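In what follows, every chain begins at residue 1, and chains take the letters A, B, ... in the order their sequences are listed. Predicted model, so just to flag it, every value in this text is computed and none were measured.
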Number of protein chains: 2
Amino acid sequence: MIALPSPQQLRFLLALAEHGHFGRAADACAVTQSTLSAGLLALERLLDARILDRAAGKRVVFTPLGLDLVGRARTALMALTAIPEAANAARATLTGPLRLGVIPTIGPFLLPRLMPALREAFPDLRLFIREDLTDRITAQLLDGKLDLILLALPCTCAGADTFAVTRDPFFAAMPQDHPLALLDIIPPATLAMQKLLLLEDGHCLRDQALSACGLARGESPPGGLDDFAATSLHTLAQMAAGGLGVTLLPRIAIDAGVTAGTNLALRPIGGEGASRTLGFAWRPNTPRAAEYRSLAPLLAAAG
Amino acid sequence: MIALPSPQQLRFLLALAEHGHFGRAADACAVTQSTLSAGLLALERLLDARILDRAAGKRVVFTPLGLDLVGRARTALMALTAIPEAANAARATLTGPLRLGVIPTIGPFLLPRLMPALREAFPDLRLFIREDLTDRITAQLLDGKLDLILLALPCTCAGADTFAVTRDPFFAAMPQDHPLALLDIIPPATLAMQKLLLLEDGHCLRDQALSACGLARGESPPGGLDDFAATSLHTLAQMAAGGLGVTLLPRIAIDAGVTAGTNLALRPIGGEGASRTLGFAWRPNTPRAAEYRSLAPLLAAAG
DNA sequence: CCAAAATGATCGATTTTATCGATTAAAATA
DNA sequence: TATTTTAATCGATAAAATCGATCATTTTGG
């Protein structure tokens, strides 16, 4: 039988890879530097292989094999972590820590309504929330830094299991005195010819809004206002109110009052495509998938 | 930080699931029964969950959660084992134990030529060989009971990475006085109308032979001789020599003398499709994939 | 239905292992 | 060059894993 590394040794290895520094890695593992150092030496002895390149002075430099082992250690540790997670999930649904990632075009508008409902339904849930772009939180999800993410479909989040919950339609927003405000329903083709205000690149809502107007991703909006791409839906609404152009706002943002105090007129958009779908995504094979699914009604109620 | 189970505890769990008996599982782990018992109790305490149903008397009965955890333990243990394997692979290529699975239509014909070459090229390789149908060895591969399998493509071995090495063409075999023996090359369509002798179900060669004649898998051969399906290529050759019909034999079997001492005529088959491809398959992400690939030249030389 | 065998849990003793705090030697930095 | 930073090392101590023996049930055979 081959001797296996201990989970603790793998944690040491991962922490060292992340911090590049024995002392800080030891802190992250809540052990002393000598313990971490000894653990890594023991791992090298166990594997009969060099993980660190000690010729490189006192800096932490991994050998090629060491880098490979870091990845394998991460995989193994995640598989190991899934075991107590499965046991916890079987004992009680949605208790204990849950690291949730949210995208910036959902978080500020939905969380204020979602959180109280969550606290009431699952009082023992300790929710850690991190807000970032879809790409980033997806990467963190797959890395094991997050357990669950709340995002808007369609999006590119390969490698994660996605679960659609509720539709969130877009509304066209323009000043009250804008010619388009005379229409009750705005046809997408009409929108495509306007000065269209968008979020900056990286926001999935930007692509979804373009798609809702029948434009391809990357296709420049006709207004040519790319340099003024907004960084949040709040600034987007303010820019539209200032007469810079027309924009699309998701209903949850409007419900949360993103247009409050402005002179913006809101009009539904014709056709079926002018919407995004709010949903969750999690790691495939996570033992807690069933728990996560049980969050859907709460999200649907909040959206 | 969540407390993780120790690799030893996972080994105990797997051994118990496999043997269904504390004493035998303890033997398999090379520990005493009390150690294994205590280890499992510690695991249940760690996870705060019941793994075994102790209401079921002295028999070993797993709870539903327990069964789930067995699968997760297997996954985690395989990920853990990959770490020392990667270290070993980096140190020396193709040394130490290698558990090889072979299908019955390859093993008896190719191994006698392949093994000496292997021993010469990799003297420190300790090869354990297991012969069984494609389905079975594929399942054992994915279970971690085998490291590498030698099989014939195309086949259904989902979940494994396959690596084609060399073509192995089929020849039509019939008695010297059979009318078909007058042809130099046998067209596949002609074969499809003969009394076609096949291996019994489960052999991938059966399906490949049918496909070579333009018949679909499951489609009964015209002779209606299914009840006499052969269990090995040797009996298949003997049956053809006895005048029961026509059959297809792969070249490696002919080269190994499967038709020696018979009156069988061997004819190539027209077209390109009348062949199988010999190759390897391994678990995705195995650290030894590069080593396994280095076996290809030896296999090609032996085929 | 009862006695004998088998089985898994438990206990105390022993060995092994992990961790800490302090120290040292080597590098990086100023 | 002097000083600080950094990783390795050492000795002591606490924690754990494992063993052998034993106990309490359950299963099996007559």
S.K.: Looking only at non-hydrogen atoms, find the nearest pair between L205(A) and L233(A) and report the distance.
M.R.: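 So the minimum-distance heavy-atom pair works out to CD2-CD2, 3.6 Å.
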S.K.: So Q33(B), base contact, sugar-phosphate only, or nothing? Heavy-atom distance under 4.0 Å.
M.R.: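 Base contact.
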S.K.: Could you check which of dT18(D), dC11(C), dA8(D) has an atom nearest any side-chain atom of F12(B)?
M.R.: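 Nucleotide nearest to F12(B)'s side chain: dT18(D).
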S.K.: Q9(B) has a side chain; which of dC20(C), dA17(D), dT10(C) sits nearest to it?
M.R.: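 In terms of side-chain proximity for Q9(B), the closest of dC20(C), dA17(D), dT10(C) is dA17(D).
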S.K.: What's the CZ-P distance between F62(A) and dA7(D), to the nearest Å?
M.R.: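 After rounding, the reported distance stands at 11 Å.
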S.K.: Show your reasoning for whether side-chain contact (heavy atoms from CB on, under 4.5 Å) applies to D147(B) and R283(B).
M.R.: CA-CA 7 Å; D147(B) 302 308; R283(B) 267 189 303 283; 3.9 Å; yes
S.K.: Which listed nucleotide (dG8(C), dT10(C), dA22(C)) is nearest to the side chain of H21(B)?
M.R.: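 Per side-chain heavy atoms of H21(B), the pick is dG8(C).
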S.K.: Starting from C1' on dA17(D), measure out to CG on L43(B) and report it in whole angstrom.
M.R.: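 In whole Å, dA17(D) C1' lies 15 Å from L43(B) CG.
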S.K.: At how many degrees, to 10°, do the end axes of the helix from dC1(C)-dG30(D) to dA30(C)-dT1(D) meet when each uses five pairs?
M.R.: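 Computed angle between terminal axes is 40°.
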S.K.: Just call it for G39(B): base, sugar-phosphate, or nothing, with non-hydrogen atoms closer than 4.0 Å on any strand.
M.R.: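 Since no nucleic acid heavy atom lies under 4.0 Å of G39(B), the category is nothing.
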S.K.: Is it true that S34(B) and S37(B) share a donor-acceptor pair across their side chains at a distance under 3.5 Å?
M.R.: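 Side chains of S37(B) and S34(B): no pair found under 3.5 Å.
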S.K.: What about S34(B), does its side chain sit under 3.5 Å from the base of dG20(D) through a donor-acceptor pair?
M.R.: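 Counting by modelled atom types and ignoring angles, a donor-acceptor contact under 3.5 Å is found here.
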S.K.: Would you say T63(B)'s side chain and R50(B)'s backbone share a donor-acceptor pair under 3.5 angstrom?
M.R.: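 Side chain of T63(B) to backbone of R50(B), a donor-acceptor pair under 3.5 Å: yes, one is there.
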S.K.: Any chance you could lay out the side-chain contact (heavy atoms from CB on, under 4.5 Å) test for W282(A) and E291(A), step after step, and finish with the verdict?
M.R.: CA-CA 11 Å; W282(A) 49 74; E291(A) 295 180 80; over 6 Å; no
S.K.: How far does CE of M115(B) sit from CG of L127(B), to the nearest 0.5 angstrom?
M.R.: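 Answer for the CE-CG pair, M115(B) versus L127(B), is 5.0 Å.
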S.K.: Check every atom of dA7(D), dG21(C), dC19(D) against the side chain of T35(B) and return the nucleotide holding the closest atom.
M.R.: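 For T35(B), the side-chain atoms sit closest to dC19(D).
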S.K.: Heavy atoms under 4.0 Å, any strand shown: does A25(A) hit a base, just sugar-phosphate, or nothing?
M.R.: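 Answer is nothing: A25(A) stays at 4.0 Å or more from every strand.
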S.K.: Between A30(A) and G23(B), name the one whose nearest nucleotide on DNA chain C is closer to the 5' end.
M.R.: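 Its nucleotide being nearer the 5' end, the pick is G23(B).
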S.K.: Of all the nucleotides listed (dT7(C), dT19(C), dA7(D)), which has the minimum atom distance to the side chain of F22(A)?
M.R.: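 Side chain of F22(A) sits closest to dA7(D).
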S.K.: Whole angstroms only, please: what is the CG-C1' distance between L40(B) and dT18(D)?
M.R.: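 After rounding, the gap between these two atoms is 14 Å.
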S.K.: Just by distance, do the side chain of T75(B) and the backbone of G71(B) share a donor-acceptor pair under 3.5 Å?
M.R.: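 Pair found, side chain donor or acceptor close to backbone of G71(B).
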S.K.: Quick one: L4(B) CG to dA16(D) C1', roughly how many Å, whole number?
M.R.: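 It is 16 Å, rounded to the nearest whole Å.
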S.K.: How many whole angstroms separate atom CZ of R50(A) from atom C1' of dA7(D)?
M.R.: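 Going from R50(A) (CZ) to dA7(D) (C1'), I get 13 Å.
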S.K.: Return the value, rounded to whole Å, for the distance between atom CD of Q8(A) and atom P of dA17(D).
M.R.: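 One finds 13 Å between P of dA17(D) and CD of Q8(A), rounded.
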S.K.: Between R45(B) (CZ) and dA15(D) (C1'), how many Å, whole number?
M.R.: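 Taking CZ of R45(B) and C1' of dA15(D), I get 13 Å after rounding.
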S.K.: Taking CG from L36(B) and C1' from dA9(C), how many angstroms apart are they, rounded to a whole number?
M.R.: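 From L36(B) CG to dA9(C) C1': 12 Å.
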S.K.: Out of dT9(D), dT10(C), dC20(C), which nucleotide sits closest to the side chain of S37(A)?
M.R.: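 Of the candidates, dT9(D) comes closest.
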S.K.: Toward the 5' end of DNA chain D, which comes first, R24(A) or A38(A), by nearest nucleotide?
M.R.: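 Upstream on the strand: R24(A).
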S.K.: Would F128(B) and L100(B) count as a side-chain contact (heavy atoms from CB on, under 4.5 Å) if you check the C-alpha gap in whole Å, the side-chain angles of each, and the deciding distance to 0.1 Å?
M.R.: CA-CA 6 Å; F128(B) 297 85; L100(B) 175 70; over 6 Å; no
